[in-house]
Amino acid sequence: MPETAFAEMGFKRNLKVDLFPTIWCPGCGIGTIMIQLAMVLDEMGLDESNTVIVTGIGCTGRMGSYMKYESVYTLHGRTLPVAEAIKTVRPEMNVIVVSGDGDTASIGGNHLIHAIRRNARLTVLCNNNEIYGLTGGQTGPTTPSGTKTLSSPAGNPNTPINLQGLVRSSPHSVYAKTTVYHQQHMRNVIREAVEHDGFSFVDITSQCIENNGRRIGFASANEMLTFYRKTYKRAAKDAEHLNPFEIGILYPQADGVAASSNGNGSGMTAAPARPDDLPAQPPGPMASATDSPGAAGATAKPPTADDAEKARRRAESQERAKLMAQLSGDVKTQVARKELTLLDALSQAGIEIPEWLRTGASAPSGAPVAPGEVAISESGRDPRTQDQPDDLAAQKAEAAAEETGGLQPARPLSTADAAPADLDPKERRRAESQRKLALMQKLSSELKLRVAQREISLEDALREAGIDPEASA
């Protein structure tokens, strides 16, 4: 394939450049795969009229959104059956599957086996970054043994799946191995895979620096690419299988191949060992899921409660238990079910509300206080009671009053509890809520329900019950 200057190539017409930049992380290899695929399709003259791209769930699955081709975004692991269905109905179409190693070889592994067995006329481009990247960096089906991941902090104890062995189990399939560093080689094998009249599989080693690379010792995506350049070598043209860390393409076997080999050359089932050029991983299991031995060093561990914080919480819990002990059984049940806040329960029972609960301070008086300032809610109350239905009802009542001619002053429960004239609006709403709550207690359950459903106003309900709203204020 002749080399062409990047700027002179017409592949950009195959991309939705108006949607750039992409959502992929800086340094991700998926963008490189997309560019090389767009170049190959442009060189082959393939467009949306004769090519369909099928993608699955995962980071790689977003590729179809950036390419100007008919594309199908399938369920997790179901790219191959969907692609086979398209090829069956429209055999003249070129069907290209682009998915990650987890989507292809894990949940989609069963479909992969049978697509190979049936020699489905498909081309599969597998973004093999050896990790579950989208979900944070868990061990995947291609993760090398011993690699520390989010779900295997002591090192992956399992053997990675042998994609070459699976594909070569059929004498009719094409298997190719390449990397995102070897871009010219990638274009060559993608083109030959698309041209093959049968099942073809391109295994592309790609870097996921954010959720894999830094955890295994690489400081940057460029360092991972340099590792690919130094580690992966081209196999001989007549190679019958690719050894670990070899790139190349294996064509369908000749008719005279012995059936006993079944396409698996010598060394095919051997698990590749970790090369010596890999950075040394940190000793022992990862201390946390976010440990990263990259350039920035390990990330900070989540803060843990110190002794003073534990003592403060213990004291607050004891104070709450003492307050709950003063309430009746029914009220305790309402508080436990969160039908009533502890603050309102104490207010209804006529029990003095302690300062730490009324102000929303995070600790009772006398309890050890953690370093730093105590955050108090804007309303000066426990933050959990700010958005209770009584406050919401009061706010709606105020809004209705404003629409009908001005806000009415809040009525306290009694003259002795009258609020000062300079009471701020939040305290006024609180007093109004308490007044309405006290009035509601005088009504029957049926009237309470009608008021709650807004079939009748509170004042009309009081009159219907024979209670004078003015006298009860």
Keeping E223 on the side-chain end and S220 on the backbone end, is there a donor-acceptor pair under 3.5 Å?
no

Could you tell me how the ring of F201 sits relative to the ring of Y175: parallel (under 30°), tilted (30 to 60°) or perpendicular (over 60°)?
parallel

Side-chain contact, heavy-atom cut-off 4.5 Å: V180 with Q207?
yes

Using side chain to side chain donor-acceptor pair (under 3.5 Å) as the criterion, list what pairs up with E195, not counting sequence neighbours.
R191

Can you run down the salt bridge (Lys or Arg N to Asp or Glu O under 4.0 Å) pairs that involve residues 98-112, sequence neighbours left out, and say none if there aren't any?
none

In chain order, what residues pass the side chain to side chain donor-acceptor pair (under 3.5 Å) check against E84, with sequence neighbours excluded?
R118

List the residues meeting salt bridge (charged side-chain N to carboxylate O under 4.0 Å, His left out) with R90, not counting sequence neighbours, and say none if there are none.
E92

Between R215 and I131, is any pair of side-chain heavy atoms under 4.5 Å apart?
no

With a 4.5 Å cut-off on side-chain heavy atoms, are R121 and D197 touching?
yes

With I96, which of V124, L125, V202 fulfils side chain to side chain contact (heavy atoms under 4.5 Å, CB included)?
L125

With sequence neighbours left out, the residues meeting side chain to side chain donor-acceptor pair (under 3.5 Å) with T104 are S99

Between M34 and W24, is any pair of side-chain heavy atoms under 4.5 Å apart?
yes

Test side chain to side chain donor-acceptor pair (under 3.5 Å) applied to S71 - qualifying residues, sequence neighbours left out:
none

Heavy-atom pair of closest approach, residues G29 and S206
CA-OG, 3.2 Å

I'd like to know if the side chain of Y69 reaches the main chain of L46, judged simply by a donor and an acceptor atom lying under 3.5 Å from each other, with no hydrogens or angles considered.
yes

Under 4.5 Å between any side-chain heavy atoms of T143 and T149, yes or no?
yes

